[in-house]
Student: 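Structure below; questions to follow.
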Amino acid sequence: MPEIRFPDGASRSYPDGVTGFDIAEDISKSLAKKALAVEVDGELRDLKRPVEADSEIRIITARDPEGLELIRHDAAHVLAEAVQELFPGTQVTIGPVIEDGFYYDFAREEPFSTEDFEKIEAKMAEIVDRDEDIVREVWDRDEAIKYFKSIGEEYKAELIADLPENEVISIYRQGEWLDLCRGPHLPSTGKLPKAFKLMKLAGAYWRGDHRNAMLQRMYGTAWADEKALKAHLNRIEEAEKRDHRKLGKEMNLFHMQEEAQGQVFWHPNGWTLYRALQDYMRRRQDEGGYKEIRTPQLMDRKFWEESGHWGKYRENMFISSIEEEDKVLAVKPMNCPCHVQVFNQGQKSYRDLPLRLAEFGSCHRYEPSGALHGLMRVRGFVQDDAHIFCREDQITDEVKKFCSLLQRVYTDLGFDDVKVRYADRPEVRVGGDEIWDKAEKALKTAADATGLDVLYEPGDGAFYGPKLDFVLRDAIGREWQVGTIQADFNLPERLDATYIGEDGEKHRPVMLHRAILGSFERFLGILIENYAGAFPMWLAPTQIVVATITEDAADYAREAADTLRKAGLRVETDLRNEKINYKVREHSNAKVPYIAVVGNREAEEKNVALRAFGEGGKKQEVISLDDAVTRLSGEALPPDLKTS
RNA sequence: GCCGCAGUAGCUCAGUGGUAGAGCGCACCCUUGGUAAGGGUGAGGUCGAGAGUUCAAUUCUCUCCUGCGGCACCA
C-alpha cells in the first residue's frame, strides 16, 4: 500500500500496483484526461507504470514544462512512425527534443523534400487519430540488437550496442511500430495535441561527426495547443522582419557580393552607423587608459611561424605573395602578435605597466563557406581589440577595470541582460600551475564582482590561459557571445616580450586579450536586429528629415535643415512634389527618428512641426526652430557625452 | 567543407519547351495637397555561368558559382 504525497502536502495511500493514471483519476476525471505523465520522487515516468513505493508524486499535464517536452518527444516518435510508414526502407536514428520543438534524423538513400511535409504531417495526424497505446517494454540487450539488425535498423543496433552495460534497454511500442527509447512517453498517440508542424529539412552527420555518414534531419515544432503553435510561428515571422540582412538592404546600410565573399561594402548610411559606434568606443577606450595603435595587414610567413599561427591556424589564413621578392606574406587573422611587436620596441620598465594597446584591427580569416552568415560571420572584419601587458599582480585590477568598462558600454548600447562565462584550465595547457592559480583567481574574482550571472565552465579555457566570455540577450531573447577577456601566458614567451622589474631583472609580462564588441560587423548585425532598425537617435544614419508640405516652403526647409546641420545633426530634406502623407509614410518606414514638417505656417513663424518616430505619429508638436535645435542636438548626443 | 533548397527588372515576386510579366522603385508630365501610398505616360531583362538534350531551352539534364536553412567549424 504505497503512501502517496502530493505537491500541496496532502497524502493518501493506494493499493499495490496503482499507476499514475489511477491516482490522477482518483483526483478528478478531468485531470486523468489531461494527464501526460507522472513525476515520482523527482523522476519523470510513464503514466501507466505502477508506483511501487511510498513517494511524492506530481501529475504532469501539457501546462508543465515537462509536459511540453513529452509532447515534443512524442511528436518526434510519431514523425518517425509516419515516415517509416510512408517511406519503407528508411532507417530511424535519433529524435531528441530541442528548443521550441524536436528533430528526427533519418537514413535514406533518396533525399526527402519539403514537398513531402504535407503528406507526412497528414500521416502524423492519422497516427494521432488512431490513438495507439504507447507501451513500455524492457528487452534483453542482445535480443534487442539482434532484432533491430534483423529489420535493417543498423543505427539503432549500434546505439544499443553502445549503451552502458547496466543500462535498462527500454523499448516503446506504439501500434505496429516500436523504437528504442529511454522514455517516458505519453500514454497513447491520441494525447499528442495536433499543434505540430514540420519546419525544415537539413543534413546532419551521424553522431555529429563529419567523418560519418550524412543523415537527413527533419525539424519540427510542437506545442500544447494550436494557439501556442500560432504564437510561435508569429515569433518566427517577427524575427525574420528584424533580420539584419533584410534591414541592411531596405535601409541601404551595406551590401555584399560574390566577388568579395564574406566581406562588407558599407554604404553611406551603414558607415555613419559604424562610425558613430566606433567614435563612441574610441572615446570610452581613451577614457579607460588605452593607447590606440595601428599595425600592418600583411606580415611575413616567418613572423607567423614564430607566433605559432602558421602551425596552428594556417588553414584559416589568407596567404599572399609577390614574385619580385620571393616572399610569402599572410594577411593578419589576429592583432595580438603585432601588438607584441609594438610592446617590444624599446625597453619596458615595470613603471610602463599596465600598458593597454588598443587597435580597431582589421583582420581576415578564411571561414568555411557554409559558416558565412550576413554580418554575423564574415571573412573580413574589424575587432575592437586591445592587449593589456601587465604584471601578474596587476591582473585582478585590470580584469575588474575591463569588466566595468564593458558593462558601461553594454548598458549604453541598450543591453541590460548580460551573462559571464568563466572558463578555467584545460587538460592541455602552457604555463605553470602557480600562474594559472593566480590568473584564474583574478578572473573569477572579477567575474563575481560584476554582479552578473556567472556560468562556470571548468576545463574550457584556452591552452594559453583562462578566460571570461560575455553573453548578451537581445530584445527578442536571443543570446550572443560578444565580449571576452583572456589571460595569455604563451605569446609573451614565444615572442619574447620582457620588462625590467624593480629588481633590475628581466621579467615576462602577462598579456590580456580583450574585446567588448568582438567585431564591429557582427556587433552591428546584433544592434540592427536588437533595435529592429529603429536606432536611438545617436546611432541613426539620418536623424531628422525636413519635409515640405508645398513648394512654397522649400526655401525655409533648406534654411531649417542648414541650421540643424550646423548644430551637428544628420539632416536630410524632402522637397519633392509629393503629398505630406506620402513623405511621412516613407520616412516613418525608414525609421527616421524625427520628421520636421514645414509649410507656410511654420515658415512664417520660423517653427517646425516635429513628429517623433514610433509614438503613433499623433504626438506632433509645433516648436520654434531654435528650440528644435537645442532639443534635438541634446537628444542626439552619444550616451557618453550626455550630461544627465 | 557536407546535405537539402533557391537564383527571372534596382527591390519583392509570378510565369512558360516557341527569346517574358506584376507591384513597388526610377524618369517625365499633370496635380501644390497639413501628418502612413493622388493620377497619367515611359524606360528598364544575355531569366546566375558553362555544357548537353531538342527544330527550338529562361523552362529539361549535368557541372560550376553564389545565396538561404541546417550540420561540421568558430584556437
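Numbered from 1 within each chain, the chains take letters A, B, ... in sequence-line order.
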Student: When the distance from CD of A:Glu578 to P of B:A36 is rounded to whole Å, what number comes out?
Tutor: 15 Å

Student: Write down the partner of B:U58 under the Watson-Crick or G-U wobble criteria, each distance required to be under 3.5 Å.
Tutor: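 B:U58 is unpaired by these criteria.
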
Student: Please give the distance between the C1' atoms of B:C60 and B:G17 as a whole number of Å.
Tutor: 8 Å

Student: Taking the side chain as every heavy atom from C-beta outward, state whether A:Leu524 and A:Phe254 have any atom pair closer than 4.5 Å.
Tutor: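 No, their side chains stay 4.5 Å or more apart.
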
Student: Give the rounded distance in Å between these two atoms: CD of A:Glu621 and C1' of B:G34.
Tutor: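 Result: 17 Å.
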
Student: Searching all strands shown, indicate the nucleotide that pairs with B:G42 (Watson-Crick or G-U wobble; both distances under 3.5 Å).
Tutor: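 Across any shown strand, B:G42 pairs with B:C26.
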
Student: Is the NZ or CZ atom of A:Lys591 positioned over A:Tyr531's six-membered ring, under 6.0 angstrom from the centre and within 45° of the axis?
Tutor: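 Judged by the rule, A:Lys591 and A:Tyr531 form no cation-pi pair.
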
Student: Does A:Ser369 place a side-chain N or O at less than 4.0 Å from the phosphate oxygens OP1/OP2 of B:G1?
Tutor: yes

Student: So for atom CD, which belongs to A:Glu259, do other residues, nucleotides or ligands contribute more than 12 heavy atoms lying within a distance under 6.0 Å?
Tutor: yes

Student: Could you tell me if the side chain of A:Phe463 sits less than 4.5 Å from the side chain of A:Val428, heavy atoms only?
Tutor: no

Student: If the C1' atom of B:C30 is compared with that of B:A36, how far apart are they to the nearest Å?
Tutor: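 The same atom, C1', in both gives a distance of 24 Å.
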
Student: Between B:G38, B:G4, B:A36, which one does the side chain of A:Asn589 approach most closely?
Tutor: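 Among B:G38, B:G4, B:A36, the one nearest the side chain of A:Asn589 is B:A36.
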
Student: With P as the reference atom in both, quote the distance from B:A43 to B:G10 in angstrom, rounded to an integer.
Tutor: 16 Å

Student: Would you give a per-nucleotide map of nucleotides 6-13 of chain B, 5' to 3', where B means the base has a protein non-hydrogen atom under 4.0 Å away, S means only the sugar-phosphate does, and - means neither?
Tutor: -----SS-

Student: Just the rounded figure in Å: distance from C1' of B:A36 to CZ of A:Arg585.
Tutor: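 Going from CZ in A:Arg585 over to C1' in B:A36 covers 6 Å.
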
Student: A:Tyr104 vs A:His77 aromatic rings, parallel, tilted or perpendicular, using cut-offs 30° and 60°?
Tutor: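 Perpendicular: the ring planes of A:Tyr104 and A:His77 meet at over 60°.
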
Student: Would you classify A:Ala547 as touching base, sugar-phosphate or nothing, given that sugar-phosphate means primed atoms plus P, OP1 and OP2, and contacts are heavy atoms under 4.0 Å?
Tutor: nothing

Student: Using the P atom as the reference point in each nucleotide, state the distance between B:G48 and B:U59 in Å, no decimals.
Tutor: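 Nearest-Å result for B:G48 against B:U59 at atom P: 8 Å.
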
Student: Please list, chain by chain and in numerical order, all residues satisfying side chain to side chain donor-acceptor pair (under 3.5 Å) with A:Gln297, sequence neighbours excluded.
Tutor: none

Student: Using a cut-off of strictly less than 4.0 Å, decide whether A:Gln261 has a side-chain nitrogen or oxygen near OP1 or OP2 of B:G67.
Tutor: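 Answer yes for this pair, as a side-chain N or O of A:Gln261 is under 4.0 Å from OP1 or OP2.
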
Student: Just the rounded figure in Å: distance from P of B:G38 to NZ of A:Lys583.
Tutor: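 Computing the A:Lys583:NZ to B:G38:P distance gives 12 Å.
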
Student: Within the 4.0 Å heavy-atom criterion, would you say A:Ile549 contacts the bases, only the backbone, or no part of the nucleic acid?
Tutor: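 If one applies the 4.0 Å heavy-atom cut-off, A:Ile549 turns out to touch a base.
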
Student: Side chain of A:Tyr582 only, please: which of B:A37, B:G33, B:A36 is the nearest?
Tutor: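 Closest of the options to the side chain of A:Tyr582: B:A37.
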
Student: Identify whether any heavy atom of A:Glu602 sits under 4.0 Å from a base atom; if not, whether one sits that close to sugar-phosphate; answer base, sugar-phosphate or nothing.
Tutor: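 Base contact.
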
Student: Is the side chain of A:His73 donor-acceptor paired with the backbone N or O of A:Glu69 at a distance under 3.5 Å, no angle test?
Tutor: no

Student: Could you tell me how far apart A:Leu215 (CG) and B:C2 (P) are, to the nearest whole angstrom?
Tutor: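 Roughly 17 Å, once rounded to whole Å.
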
Student: Between A:Gly599 and A:Phe112, just flag the one whose closest nucleotide in RNA chain B comes earlier from the 5' side.
Tutor: A:Phe112

Student: Identify whether NZ of Lys or CZ of Arg in A:Arg217 sits under 6.0 Å from the centre of the six-membered ring of A:Tyr103 and within 45° of that ring's axis.
Tutor: yes

Student: If each of A:Gln257 and A:Val584 is mapped to the nucleotide of RNA chain B with the nearest heavy atom, which maps nearer the 5' terminus, i.e. the 5' end?
Tutor: A:Val584

Student: Could you tell me how far apart A:His255 (NE2) and B:U66 (C1') are, to the nearest whole angstrom?
Tutor: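 A:His255 atom NE2 is separated from B:U66 atom C1' by 13 Å.
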
Student: Counting only Watson-Crick or G-U wobble pairs whose two distances fall under 3.5 Å, which nucleotide matches B:U63?
Tutor: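 WC or wobble partner is B:A49.
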
Student: For atom P, what is the distance between B:A27 and B:A72, given to the nearest Å?
Tutor: 49 Å

Student: Write down the distance separating the P atoms in B:G38 and B:G33, rounded off to the nearest Å.
Tutor: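 Roughly 15 Å separates the two P atoms.
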
Student: Flag this pair as yes if the NZ/CZ of A:Arg314 is under 6.0 angstrom from the six-membered ring centre of A:Trp310 and inside a 45 degree cone about the axis; otherwise no.
Tutor: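 Pair A:Arg314/A:Trp310 counts as cation-pi.
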
Student: Can you confirm whether more than 12 heavy atoms, excluding those of A:Gln257, are under 6.0 Å from its CD atom?
Tutor: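 Count over threshold, so yes.
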
Student: Considering every strand shown, what is the Watson-Crick or G-U wobble mate of B:G4 when both distances are under 3.5 Å?
Tutor: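 B:C68 is the nucleotide pairing with B:G4.
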
Student: What integer number of Å spans the C1' atoms of B:C47 and B:A6?
Tutor: 14 Å

Student: Separation of A:Asp574 atom CG from B:U35 atom C1', in whole Å?
Tutor: 13 Å

Student: Taking a pair as Watson-Crick or G-U wobble with both distances under 3.5 Å, which nucleotide is matched to B:A14?
Tutor: none

Student: Output the rounded distance in Å from CD (A:Glu605) to C1' (B:G34).
Tutor: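 Going from CD in A:Glu605 over to C1' in B:G34 covers 15 Å.
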
Student: So do A:Arg379 and A:Tyr366 actually touch side chain to side chain, heavy atoms under 4.5 Å?
Tutor: yes

Student: Under 4.5 Å between any side-chain heavy atoms of A:Leu375 and A:Phe523, yes or no?
Tutor: no

Student: Using the P atom as the reference point in each nucleotide, state the distance between B:U8 and B:A49 in Å, no decimals.
Tutor: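 Roughly 10 Å separates the two P atoms.
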
Student: How does protein contact run along nucleotides 70-75 of chain B, one letter per nucleotide 5' to 3', with B for base contact, S for sugar-phosphate only, - for none, heavy atoms under 4.0 Å?
Tutor: BBBBBB

